[in-house]
Enquirer: 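Let me begin by handing over the structure; questions about it come next.
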Amino acid sequence: MRILISNDDGYLAPGIIALAHALAPIAEIVVVAPDSNRSGSSNSLTLDRPLSVFRAENGFYFVNGTPSDCVHVALTGVLSYKPDLVVSGINQGQNMGDDTLYSGTVAAATEGFLFGIPSIAFSQVQKGWDQLEAAARVAREIVEKQFDALPKPYLLNVNIPNRPYHEIKPLIATRLGKRHQSESVIRAHDPSGREIFWIGPVGAAKDAGEGTDFDAVAKGHVSVTPLQIDLTHATQLEALKKGLL
Ligand code: MN
């Protein structure tokens, strides 16, 4: 099995190093990741300048671009083959509910999916890298499952509680929950007195009911959500067809 690994925290992040170490014994791996932290970059592609690919001493490739750039360039320019799987992460912090729209971690996996390759995004629920080795072990087990029952390509979003391995509960298939709107922007002033704004924290969970990703991880389970790209609102489409236009 040949696996392309990327992330949005950058090629030096502990999460991608742990993931690469966990997968190296079971697959031929290639790491192509951003040169710096690009969390929150969603599916953006860099179109206003060319991209460069560099090789680090440990063999990881890094790119002066976004997570989507990395996977795109890897699949179209760096690799001479189509990998069997694209994995992203392990992200520092959860990507649940609405987070999936902003997440560069999910975006890197989405790029693989858009190229017809099964893809999985991995995130640890809490920031700080606590119990990262346990999360990497869980990630390897998920990769080993292969999910042959799912039509390919699939796109899975996985969130892993920060717990010792033996305290992590089994996988649960979930749907995305929903958050309240984001908390307020943080206002300050730069040294010249100009007002500046920092985007504030995400909102708390709003729909964290039974069956959601939020509910699963709150109970100590690993949440696995199958994602799709089609944003069409099916019921509103029917309303529009019934003469609203
Ligand atoms: Mn990140």
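Worth saying up front: this structure is predicted, and the values here are computed from it rather than measured. Indexing begins at 1, ligand by ligand and atom by atom, following the structure's order.
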Enquirer: Who passes side-chain hydrogen bond (donor to acceptor under 3.5 Å, both in side chains) against Asp69, sequence neighbours left out?
Expert: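 Partners of Asp69 by the side-chain hydrogen bond (donor to acceptor under 3.5 Å, both in side chains) criterion, ordered by chain and then number, come out as Thr46, Thr66.
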Enquirer: What protein N/O/S atoms sit under 2.8 Å from the Mn ion (ligand 1), by chain and number?
Expert: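 Listed by chain and number, the nearby protein N, O or S atoms are Asp8 OD1, Asp9 OD1, Ser39 OG, Asn91 OD1.
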Enquirer: Parallel, tilted or perpendicular for Phe62 and Phe54, by the 30°/60° rule?
Expert: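 Parallel.
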Enquirer: For residues 71-81, dump all side-chain donor-acceptor pairs below 3.5 Å to protein atoms at least two apart in sequence or in another chain.
Expert:
| unit_1 | atom_1 | unit_2 | atom_2 | d |
| --- | --- | --- | --- | --- |
| His72 | ND1 | Glu111 | OE2 | 2.7 |
| Thr76 | OG1 | His72 | O | 2.6 |

Enquirer: Taking only residues two or more places apart in sequence or in another chain, which ones pass side-chain hydrogen bond (donor to acceptor under 3.5 Å, both in side chains) with Ser68?
Expert: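 For Ser68, no residue satisfies side-chain hydrogen bond (donor to acceptor under 3.5 Å, both in side chains) once neighbours in sequence are set aside.
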Enquirer: State plainly whether the residues Asp99 and Arg179 are in salt-bridge range, i.e. N to O under 4.0 Å.
Expert: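 Here Asp99 pairs with Arg179 in a salt bridge, since their nearest N and O are under 4.0 Å apart.
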Enquirer: Answer yes or no: is there a donor N or O on one side and an acceptor on the other, between the side chain of Ser42 and the main chain of Ser44, under 3.5 Å?
Expert: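 No; zero donor-acceptor contacts below 3.5 Å.
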